[in-house]
Amino acid sequence: MEYILRNKIAEAVRSLYNKDVDLNLIQIQKTRKEFNGDYTLIVFPLIRCSKNTPEKTAEDIGNFLINNLPAISEFNVIKGFLNLKISDKWWADYFKDFCFLDDIFLPCRVAKPEIILVEYSSPNTNKPLHLGHIRNNLLGYSLYKILKSCGHNVIKTNIVNDRGIHICKSMLAWLKWGNGETPESSGMKGDHLVGKYYVLFENEYKKQVEALMKQGVDEETARQTAPIIIEAREMLVKWEAGDTKTVEIWKMMNSWVYQGFDETYRKLGVDFDKIYYESDTYKDGKELVLKALDNKIFYKKEDGSIWADLTADGLDHKVLLRSDGTAVYITQDIGTAVVRHNDYKFDKCIYVVGNEQNYHFQVLKAILKKMGFAWADGLIHYSYGMVELPEGKMKSREGTVVDADDLIEEMINTARDVSLELGKLDGYSEEEKNEIFRKVGLGALKYFILKIDPKKNMLFNPSESIDFDGNTGPFIQYTYARIRSVMRKAIQNKIDPDPELLQSAQPNAKEIELIKLIKKFSETVTESAVTYNPANIANYCYELAKEFNQYYHDYTILGEKDPVTRNFRLMLSDRIAFVLSEAMGLLGIEMPERM
RNA sequence: GGUCCUAUAGUUCAAUGGAUAGAACGGAGGUUUCCUAAACCUUAAAUCCAGGUUCGAUUCCUGGUAGGACUACCA
């Protein structure tokens with residue numbers, strides 16, 4: 001519609017003022033609520049063509065449009081704004097067509113589908129997932145859903161940081177103080193058990209550093225020479241050398257962690273098509289670095305460490321291999337990127353990683369380009385903001401983390417409490433009830449996180465529980481459940497929706513508003529896919545649900561006497577429920593049939 | 001020190017350079033013989049400061065101020 005308008009307006013300018021106008025100067029936007037109209041043309045930029053006042057120009061264009069575009073039923077001019085009203089008939093017809101549209105994502109399809117890898121989650125195997133990971137997982141999964149809906153070929157991948165000094169820390173602590181404890185023997189979830197030993201290591205390490213500092217050693221040296229960190233480093237070298245016993249423990253402890261992660265992922269409702277392990281790709285990274293060293297792309301220092309000089313890119317020098325020959329974080333990322341490109345020949349690879357790593361990804365891209373990989377242009381760092389607590393950033397070492405499993409459980413429990421208090425689920429089985437509690441609890445959590453602009457830091461206050469009222473997931477789920485309830489009653493009363501009856505339906509003003517919002521769905525999805533912004537969809541869902549709740553309050557659906565109107569209202573409600581559930585689906589949020 | 005990000009009601013969040021800056025929570029008040037009151041309605045309350053560009057700035061630019069991130073042979 002906007003496209004048609006734009007062209008018609010260009011035509012108007014041509015015919016009225018005999019001038020060709022740059023399409024970019026034709027600014028069309030949705031008319032604001034306070035004014036009468038659907039689309040608004042901002043006339044200011046056009047007065048240089050008309051050489052007239054904004055009011056007169058608007059008047060002229062308005063008259064031209066009303067005579068040349070049947071969909072426009074009226075217009076009004078306020079200052080430099082030309083408000084155009086689309087006829088009710090046009091909207092009614094639009095809704096009719098929409099009812100016959102099986103795939104509501106059809107209008108969102110891109111002309112050229114791309115192969116897109118979305119990497120998200122990227123956990124370390126030394127501690128359980130926390131709220132930061134939840135934001136990451138939800139954003140990654142939602143991004144996958146959105147891009148896929150637009151017709152792209154999207155592959156969900158995960159890179160597991162399963163090697164490195166941090167893993168050795170947990171392993172070492174377990175060897176020292178674990179007494180052979182396992183998830184089975186302790187009854188602990190595997191990832192939590194391993195996390196426990198990571199904390200034990202850090203505590204001991206801290207103690208040793210403090211003890212050394214008391215003996216007069218400076219902090220930096222103390223950090224480097226504490227006996228336990230030396231042991232951990234030796235362990236890493238042994239691991240990289242393939243020492244049988246070390247590798248065995250590593251495998252065992254990692255398997256515990258994976259079981260724990262799988263459970264959390266399942267509860268969150270996210271999954272992956274392909275999982276990469278850094279223990280597999282770091283070697284590729286090392287080889288690539290060494291090869292590039294031969295080609296003089298990188299350089300070696302006297303101590304044997306290998307570096308990239310990125311000063312030409314406005315960045316610093318970056319170490320790629322330690323003097324002892326072991327790989328660092330970026331070495332693995334180089335390897336992983338190359339392996340991935342070989343596997344999928346992707347057009348884009350989107351890394352869902354927190355903004356604390358902005359510099360890291362700048363460096364990674366620069367290095368890959370320096371190595372001659374043109375496809376590195378397709379690497380996108382989807383940089384999202386941190387989740388902060390009232391007292392600041394979450395820090396695992398200081399125990400100020402919000403554990404993912406705990407939070408999920410808490411949300412479901414709150415949903416249960418709220419629901420039981422309202423007492424609307426009498427007569428349902430325990431199993432059905434639990435399913436509803438799960439959907440609502442997770443819906444509240446997911447919506448709470450996804451409605452916020454991804455690039456911004458967000459605040460989570462553990463002492464204030466996540467809302468279930470107002471602009472929340474449950475609000476939208478509730479709207480959906482209400483409609484489904486109406487639909488069930490309709491069927492009970494043998495009132496079947498009949499598309500044929502739509503022909504003569506005359507929507508009222510509120511219904512036109514709802515149809516306009518339905519139309520906004522595909523525009524919203526398209527925009528979210530371009531801007532990588534699920535929050536946009538969340539806000540849309542709220543807008544639609546809010547509008548419908550008002551409608552539901554003011555008008556009766558099944559109580560309507562006129563069969564044509566009743567049928568129209570029924571179909572409108574049904575369609576809105578469908579849009580809501582599809583839109584929330586893009587956020588990974590499930591809708592309960594009742595609540 | 002350098003680089004980057006952020007700053008909007010009491011609080012948490014919105015607003016392609018456009019009209020009277022929207023919501024929610026919290027506050028005050030109201031709606032239930034009527035399809036689910038997790039709803040609906042009314043009400044008070046905000047663009048960090050100073051410049052600049054523009055017909056027009058919360059939005060863009062510059063400089064402050066405040067907060068945060070990064071700047072490891074950690075990941």
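These values consider heavy atoms only, across backbone and side chains, with no hydrogens, waters or symmetry-generated copies. Labels below follow one simple rule: chain letters A, B, ... track the order of the sequence lines, proteins then strands, and each chain is numbered from 1.
Side-chain N/O atoms of A:N83 and base N/O atoms of B:A19 include a donor-acceptor pair closer than 3.5 Å. Put simply, the side chain of A:T472 and the base of B:A24 share no donor and acceptor less than 3.5 Å apart.
In summary, the side chains of A:S121 and A:N137 do present a donor paired with an acceptor at a separation below 3.5 Å, with no hydrogens or angles considered. Between A:N533 and A:S528, the side chains place no donor N or O within less than 3.5 Å of an acceptor N or O (distance only, hydrogens not considered).
OP1 or OP2 of B:U36 has at least one side-chain nitrogen or oxygen of A:S485 nearer than 4.0 Å. At B:U71, none of the side-chain N or O atoms of A:K318 fall inside 4.0 Å of OP1 or OP2 (strictly under the cut-off). OP1 or OP2 of B:A7 lies within a sub-4.0 Å distance of a side-chain N or O belonging to A:K456. A sub-4.0 Å separation between OP1 or OP2 of B:C41 and a side-chain N or O of A:Q550 is present. An OP1 or OP2 oxygen of B:C41 is reached within less than 4.0 angstrom by a side-chain nitrogen or oxygen of A:K546. Of the side-chain N and O atoms in A:R482, one or more sit less than 4.0 angstrom from OP1 or OP2 of B:A37. Between A:R322 and the phosphate of B:C74, there is a side-chain N or O to OP1/OP2 separation shorter than 4.0 Å.
B:A37 and B:C70: their C1' atoms are spaced 49 Å apart (whole Å). Atom P of B:U16 sits at a distance of 15 Å from the matching atom of B:U6, rounded to the whole Å. Using atom C1' as the reference point in both B:A24 and B:G18, the two lie 26 Å apart (nearest Å). Rounded to whole Å, the P atom of B:G67 lies 48 Å from the corresponding atom of B:U31.
Nucleotide B:G63: paired with B:C49 (Watson-Crick or G-U wobble, both distances less than 3.5 Å). If you check B:G18 for Watson-Crick or wobble pairing at under 3.5 angstrom, you find it paired to B:C55.
Judged as a side-chain hydrogen bond (donor to acceptor under 3.5 Å, both in side chains), and not counting sequence neighbours, A:Y351 has no contacts. For A:Y552, the side-chain contact (heavy atoms from CB on, under 4.5 Å) partners at least two apart in sequence or on another chain are A:R482, A:V486, A:F548, A:I557.
Across all strands shown, A:E388 has heavy atoms under 4.0 Å from sugar-phosphate atoms exclusively, and none from any base.
Salt bridge annotation for A:E219-A:R223: present, with a cationic side-chain nitrogen under 4.0 angstrom from a carboxylate oxygen.
Of all nucleotides listed (B:C40, B:A75, B:A14), B:C40 comes nearest to the side chain of A:H553.
Ring stacking is absent between A:F81 and B:G18, as the pair misses the limits of under 5.5 Å between centres and under 30 degrees between planes. The ring of A:F475 does not lie on top of the base of B:A39; it is either too far (5.5 Å or more) or too tilted (30° or more).
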